[in-house]
Amino acid sequence: MAEKYSLTQGALGLIMKGGTIEDPIMQILGSKRISSVCTDKERFRLLLSDGKNVISFAMLTTQINNRIASGEIVDNTIVKVKKYTTSLINNAEKRNKRVLVILEMEVLQPGEEVNKIGNPEQLPENEFEDDTNSSAMLKYSLDFSPFSSLNSGTKPTSTHLNVSLRDEGTHPISSLSPYHNRWIIKARVANKSTIRTWSNSRGEGQLFSMDLVDESGEIRCTVFRDLVDRYFDMIEVDKIYYISKCQVKVSNRQFSNLKNDYEMTFTNDTIVQECLNPDMSIPQTKYDFMTIEKIGHIETGTVIDVIGICKSTSELLIFNAKTTGKEMKKREVTLVDQSNSAISLTLWDSKAEKFDGSSNPVVSIKGAKIMEFAGGKTLSIFPTSVLKINPDIPESYRIRSWFDNGGMLQNVTNISARSGIGNLQTQWLSFKEVVDQGLGHSEISYFQTKATILLFRSENFLYKACPVEECKRKIIDMENGLYHCEKCNRNYPRFLYRLIGSANLGDWSSNQWVTMFSSETEKVLDMTSDEVGATAETNPDALLSFGERANFKQFIFKCRAKMETYNDETRLKVVAMKVDNINYKEYNAYLVSRINQLSGEC
DNA sequence: CCCCCCCC
């Protein structure tokens with residue numbers, strides 16, 4: 001039970017007076033969970049000792065909450081405090097109380113191995129009261145400095161103030177909350193949106209938003225209405241500003257990709273001033289990258305950061321939206337990463353037009369939204385998302401190196417694949433059960449069954465398709481060497497032969513008409529679509545007997561069921577998404593488990 | 001006070 005480290009005695013007294021000391025070694029004597037009224041986010045308050053003094057006003061920045069929540073840090077743990085800042089808070093009982101906010105720390109010796117060291121005394125209150133030098137400077141800068149003369153109604157200027165004075169009183173972004181409003185942050189504008197207008201039942205107006213970052217964290221900040229005119233041109237991306245007197249409120253997590261429970265809004269009292277001293281310690285953009293593999297397991301609608309290599313792109317697709325008739329341009333970008341997974345990123349309009357994936361660039365996105373289509377996950381971006389090509393960050397070089405050293409040849413799992421099936425959990429249902437249970441009425445449903453092809457329809461199962469991978473629609477032969485795709489609204493010099501099979505399947509319970517796409521039709525005919533196309537060109541009549549190639553074959557059919565209305569008639573539409581040869585070992589295991597179930601054994 | 005990301 002002996003300590004291997006000596007504590008940095010007197011460090012707390014110095015720090016709480018506004019001084020700095022590098023990597024002080026301290027002991028955590030206790031920790032307390034503080035729950036916030038406003039959010040479900042917790043905070044931890046620490047009893048912190050330097051061997052000589054102890055303070056109970058140390059907090060963890062929420063980003064490292066898990067260090068305590070995980071049980072890594074127990075009482076008596078000795079830590080090296082690698083990054084910290086102090087912050088003044090106001091509340092009803094105490095005015096301008098100074099707290100220590102720990103941004104980063106390293107465990108030197110676990111609490112289980114040591115006892116409380118020494119007999120530290122409470123750091124006297126007046127050691128960190130308002131009348132000490134650094135706090136006084138903050139008060140000065142807020143109330144009397146030229147800074148505060150830039151008050152409401154006054155056009156902001158770029159008057160350069162004494163920066164050292166300012167930095168003394170600066171608060172970390174992670175310490176902001178709705179409970180105190182006497183703060184100044186020094187933050188970099190990592191991202192600025194364009195001006196947007198809105199009009200709804202609550203009124204109309206204009207706004208822009210920006211992402212502010214400092215060493216401790218990040219926060220979204222929105223500027224509304226007439227303040228837009230005042231600030232939009234003044235605030236530039238990547239510049240650093242001192243900002244104070246904003247409204248801080250709880251952020252709606254659903255719409256924010258930033259790691260902060262709060263967001264802020266400019267008010268008429270807001271003060272903004274550019275910091276002319278470049279401060280490289282303030283990061284450009286904070287990323288929390290999620291692997292593509294992981295995205296496959298995350299709820300649709302979640303906003304995440306992602307980095308990947310552009311492995312391929314679609315052509316620019318131009319089409320008219322079905323509902324609005326509006327012309328739309330999009331491009332699908334396939335991203336891959338070290339998790340050997342791929343995902344489709346949908347780009348729209350000018351971003352779609354401009355994107356060039358020919359050199360397999362690294363693409364990073366801050367704030368991409370996980371979407372879902374036909375059972376596959378895709379990514380979309382907002383106007384406020386930050387998309388960067390070949391960003392200058394370590395992750396970018398790491399993924400580049402992976403791709404260039406074999407990653408490009410890896411087989412990847414495409415989590416955008418349109419199926420929702422193919423996994424082991426697909427339920428076994430007979431065709432009769434599918435009808436009896438009303439599958440596909442309220443939502444798309446998936447099932448699998450072992451069935452026999454009773455009748456493969458030999459008419460019209462071959463067509464000339466749009467060469468665009470994501471389109472595959474039937475094209476019109478213009479008889480002049482060009483082929484027109486109505487969906488893409490474009491002419492192409494070539495086409496692809498594709499198959500669309502239609503067959504009546506029978507299982508033990510009933511029978512059902514299903515359709516199947518090209519790859520699965522190829523399986524049941526045991527021919528490629530190009531081979532079928534070649535037959536059509538040389539001996540079209542031969543196609544009429546092609547049903548014989550499929551009839552009476554048995555497969556496991558993994559199907560999608562959905563009710564569809566056509567000509568006022570609603571009926572069940574079943575697509576055999578995947579046609580697999582029967583794996584008798586697996587299928588028999590399933591039958592045995594069913595028999596056991598039915599006979600009441602388990 | 002916005003909070004929308006379209007299409008198959």
Side-chain angles (χ1 to χ4, degrees), chain A residues 191-211 220-228 232 246-258 262-268 270 300-304 314-333 344-353 355 365-387 416-420 444 465-466 468-474 485-490 500 517 560 562 564 573 575 577:
Chain A
N191 187 37
K192 186 175 90 165
S193 78
T194 53
I195 298 176
R196 227 179 61 235
T197 57
W198 85 87
S199 173
N200 59 27
S201 58
R202 277 168 299 209
E204 53 183 62
Q206 57 174 353
L207 71 121
F208 74 95
S209 65
M210 54 196 156
D211 299 340
R220 161 117 94 130
C221 178
T222 311
V223 182
F224 287 102
R225 300 177 191 275
D226 54 321
L227 294 176
V228 171
F232 186 77
C246 294
Q247 182 197 354
V248 177
K249 58 181 187 174
V250 176
S251 166
N252 188 337
R253 299 298 298 157
Q254 197 192 331
F255 303 118
S256 170
N257 51 313
L258 299 194
Y262 305 116
E263 60 182 47
M264 51 192 233
T265 306
F266 272 28
T267 70
N268 278 322
T270 294
T300 301
T302 309
V303 177
I304 53 110
S314 73
E315 297 177 48
L316 183 69
L317 302 171
I318 303 169
F319 57 91
N320 297 314
K322 252 184 187 169
T323 45
T324 60
K326 194 177 109 186
E327 185 183 271
M328 301 185 131
K329 295 172 189 159
K330 76 158 182 176
R331 191 189 301 273
E332 298 283 348
V333 174
S344 182
L345 161 71
T346 312
L347 298 180
W348 297 91
D349 299 322
S350 66
K351 278 210 161 65
E353 283 177 304
F355 190 86
I365 305 168
K366 172 138 197 87
K369 187 172 182 179
I370 303 177
M371 312 294 286
E372 195 165 339
F373 177 65
K377 293 272 170 63
T378 63
L379 292 175
S380 265
I381 55 169
F382 301 89
T384 49
S385 309
V386 190
L387 186 148
S416 300
R418 304 169 182 190
S419 67
I444 298 173
C466 177
V468 175
E469 177 65 20
E470 284 75 17
C471 180
K472 296 173 183 169
R473 291 298 184 283
K474 189 172 176 173
C485 175
E486 285 188 316
K487 177 154 174 290
C488 301
N489 194 21
R490 273 189 62 167
I500 176 91
F517 299 129
R560 182 183 73 187
K562 184 167 191 314
E564 284 198 356
K573 164 122 180 172
V575 177
M577 307 289 291

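What you see is a predicted model, and the numbers here were worked out from it, not measured in a lab. FYI, side chains are in, hydrogens and waters are out, and symmetry mates aren't considered; it's all heavy atoms of this structure. Letters A, B, ... are given to chains in the order of the sequence lines, protein chains preceding strands, and every chain is numbered from 1.
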Under 4.0 Å between any heavy atoms, over every strand shown, what does Thr222(A) touch: base, sugar-phosphate, or nothing? Just pick one. base
What's the CD-C1' distance between Glu315(A) and dC7(B), to the nearest Å? 16 Å
Given dC7(B), dC2(B), dC5(B), which nucleotide is nearest the side-chain atoms of Ser380(A)? dC5(B)
Does the dC2(B) base have a donor-acceptor partner in the side chain of Arg202(A) within less than 3.5 Å? no
Distance in angstrom units between Gln247(A) CD and dC2(B) C1', rounded: 13 Å
For the side chain of Arg196(A), starting at C-beta, report the closest nucleotide among dC3(B), dC1(B), dC7(B). dC3(B)
When the distance from NZ of Lys487(A) to P of dC7(B) is rounded to whole Å, what number comes out? 12 Å
To the nearest 0.5 Å, tell me how far Ser385(A) OG sits from Lys369(A) NZ. 10.0 Å
Met328(A) side-chain proximity, nearest of dC7(B), dC2(B), dC5(B): dC7(B)
Mind calculating the distance between CE (Met264(A)) and P (dC1(B)) to the nearest angstrom? 15 Å
Rounded interatomic separation in angstrom, taking CD from Glu372(A) and C1' from dC7(B): 16 Å
Heavy atoms only, 4.0 Å cut-off, all strands: where does Arg331(A) land among base, sugar-phosphate and nothing? nothing
Shortest non-hydrogen contact from Lys366(A) to Leu258(A)? CE-CD2, 3.5 Å
With a non-hydrogen cut-off below 4.0 angstrom, is Lys249(A) in contact with a base, only sugar-phosphate, or nothing? base
Within this structure, what is the CD-NZ distance for the pair Glu353(A) and Lys329(A), rounded to the nearest 0.5 Å? 3.5 Å
For Ser344(A) and Glu332(A), test the side chains for any donor-to-acceptor distance below 3.5 angstrom and give the result as yes or no. yes
If you find the nucleotide of DNA chain B closest to Asn320(A) and the one closest to Phe266(A), which residue's nucleotide is nearer the 5' end? Phe266(A)
Ignoring hydrogens and angles, does a donor from either the side chain of Arg225(A) or the base of dC1(B) sit under 3.5 Å from an acceptor on the other? yes
Separation between CG of Leu207(A) and CZ of Phe232(A), rounded to the nearest 0.5 Å: 10.5 Å
Would you tell me if any nitrogen or oxygen in the side chain of Trp198(A) comes within less than 4.0 Å of OP1 or OP2 on dC2(B)? yes
Is the aromatic ring centre of Phe373(A) closer than 5.5 Å to the centre of the six-membered base ring of dC8(B), with the two planes inclined by less than 30°? yes
Side-chain donor/acceptor contact of Lys330(A) with base of dC7(B) under 3.5 Å: yes
Got more than 12 heavy atoms from elsewhere within 6.0 Å of CD, Glu372(A)? yes
Assign each of Thr384(A) and Phe319(A) the nucleotide of DNA chain B bearing its closest heavy atom; nearer the 5' end lies the nucleotide of Thr384(A)
Assess whether one donor atom and one acceptor atom, taken from the side chain of Glu263(A) and the base of dC3(B), lie less than 3.5 Å apart. yes
Check every strand shown and say whether Asn200(A) touches a base, only sugar-phosphate, or nothing at a heavy-atom separation below 4.0 Å. sugar-phosphate
Nearest whole Å is fine: how far is dC3(B) C1' from Tyr262(A) OH? 20 Å
Could you give the CD1-to-P distance, from Ile381(A) to dC7(B), as a whole number of Å? 16 Å
What is the separation between atom CG on Asp349(A) and atom P on dC7(B), rounded to the nearest whole Å? 13 Å
